Amino acid sequence: MKILIIRFSSIGDIVLTTPVVRCLARQVAGADIHFLTKYEYRHIVAPNPYIKKVYLLKDNWEALIEELEGERYDYVIDLHKNLRTAKIKKALKKADCFSYQKLNWQKWLLTNLKINQLPPVHIVDRYLDTVKKLGVVNDNQGLDYFIPEKEVVKESDIPMSHQAGFIGLVIGASYATKKLPTQKLIALCTLIHHPIILMGGPEDRQTGDAIASVDPHKIYNASGKFTLNESADLVRRSKLVISHDTGLMHIAAAFKKPVISIWGNTVPAFGMTPYYGKYEIRSAIFEVEHLSCRPCSKLGYQKCPKGHFKCMNNISLEAVAATVETFLSK
């Protein structure tokens, strides 16, 4: 039975599809699973042993459709659901297609009118609902993330001061309104009395340098120095992870790491909190509740639409640091 799963982006969303991939592979007899994603996210899905073949969305749309038609899929599982996936499903008309419910109308109500009609269901469970007609049930094993051996970080690439253990602090995010301001990150690092490794992309390097300059011995800026899978390996090695609403937060959950998540313009009600399945892992959510402007977007902005940025500026850093101590003491 040949199955195509579609999820184009982004890092966190793709990681959140891994229970669907695993459960299909383990529960559907003869499942031959293919995965279609964007080229830039190939490193996330390619190492997954449950995926037999990866297709990439690049420039040549016609060639991609032709290749997919040649596979003669039995099922298409659309976990992205947009105009492009609609075109793919139309082209693969001989396959039975299942699409997950995006709940865009409910998200619009929450972001624009502050009326919460979203079901209290994690997006992982909504993804799994998409394949329940195939007899698939949640195995409650949580998320998966697989790191190729060649991208395991060498011990020598971690400072000696951090080799006995460290806290991972994810300073990046796809939008500015999902990130603590630099001065708040500096203040948080000052309050934490443990070695810290800062994680982010090349675009976060300058911010990381500014934070690390406060205490170069305690704080190591790894932003932009490692590939995504290498950064994932740093997450795997960490004692706990402090993160904004980002892909690395979900990767930390995949490795069953305690996560302290900090939420700005987005809210946990969107159903994308750290997901552990049946495992009881300590985690904590920090958000400024009862702000009339929050959530202002299901994604984010490059600056606060209101100008005050209270959703991040009013986060209690002392409470975050105290939670770090509580988690590490147990």
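Everything numeric in this text was worked out from a predicted model, so none of it was measured.
Ion pairing between Asp129 and Arg126 fails under the 4.0 Å rule for side-chain N and carboxylate O. Between Lys2 and Asp74 there is no salt bridge, since no side-chain nitrogen of the basic residue lies less than 4.0 Å from a carboxylate oxygen of the acidic one.
Atom CD of Glu325 sits in a crowded spot, with more than 12 heavy atoms from other residues, nucleotides or ligands closer than 6.0 Å. For NZ of Lys114, the number of neighbouring non-hydrogen atoms (other residues, nucleotides, ligands) closer than 6.0 Å is greater than 12. Atom CG of Leu113 is surrounded by more than 12 heavy atoms from other residues, nucleotides or ligands within 6.0 Å. Residue-environment remark: CG (Asp59) stays at or below the threshold of 12 foreign heavy atoms within 6.0 Å.
Among residues two or more places apart in sequence or in another chain, the ring-ring contact (aromatic ring centres under 6.0 Å, His included) test is passed with His122 by Tyr275. In terms of the ring-ring contact (aromatic ring centres under 6.0 Å, His included) criterion, residue partners of Phe98 (sequence neighbours excluded) are, by chain and number, Tyr75. Under the side-chain hydrogen bond (donor to acceptor under 3.5 Å, both in side chains) criterion, Tyr276 pairs with no residue at all, not counting sequence neighbours. Listed by chain and number, the residues in a side-chain contact (heavy atoms from CB on, under 4.5 Å) with Glu151 are Ile147, Pro148, Thr227, Asn229, Glu230 (sequence neighbours excluded). In this structure Asp78 satisfies the salt bridge (Lys or Arg N to Asp or Glu O under 4.0 Å) test together with Lys89, sequence neighbours excluded. Qualifying salt bridge (Lys or Arg N to Asp or Glu O under 4.0 Å) partners for Arg294, counting only residues two or more places apart in sequence or in other chains: Glu287.
The NZ atom of Lys107 sits 11.0 Å away from atom OG1 of Thr266, with the distance rounded to the nearest 0.5 Å.
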Checklist entry - Given Asp245 and Lys178, is the salt bridge (charged side-chain N to carboxylate O under 4.0 Å, His left out) satisfied, shown in steps? => result CA-CA 7 Å; Asp245 175 17; Lys178 296 173 79 171; 3.6 Å; yes
Checklist entry - For Lys154 and Asp157, what are the C-alpha separation, side-chain angles and deciding distance, and is it a salt bridge (charged side-chain N to carboxylate O under 4.0 Å, His left out)? => result CA-CA 5 Å; Lys154 297 176 182 177; Asp157 289 335; 5.7 Å; no
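When all heavy atoms of Val259 and Ala253 are compared, the pair lying nearest together is CG2-N, 4.3 Å. Closest approach of Trp263 to Met272, counting heavy atoms only: CH2-O, 3.6 Å. Taking all atoms of both residues into account, the shortest heavy-atom contact from Val214 to Ala210 is CG2-O, 3.9 Å.
Relative to the ring axis of Phe8, Arg84 places its NZ or CZ within 45° and under 6.0 Å from the centre.
The six-membered or imidazole ring of Tyr175 lies away from that of Tyr301, with a centre-to-centre distance of 6.0 Å or more.
Side-chain polar atoms of Thr18 and Asp144 form no donor-acceptor pair below 3.5 angstrom.
Ring pair His34/Tyr73 is perpendicular by interplanar angle, where above 60° counts as perpendicular and below 30° as parallel.
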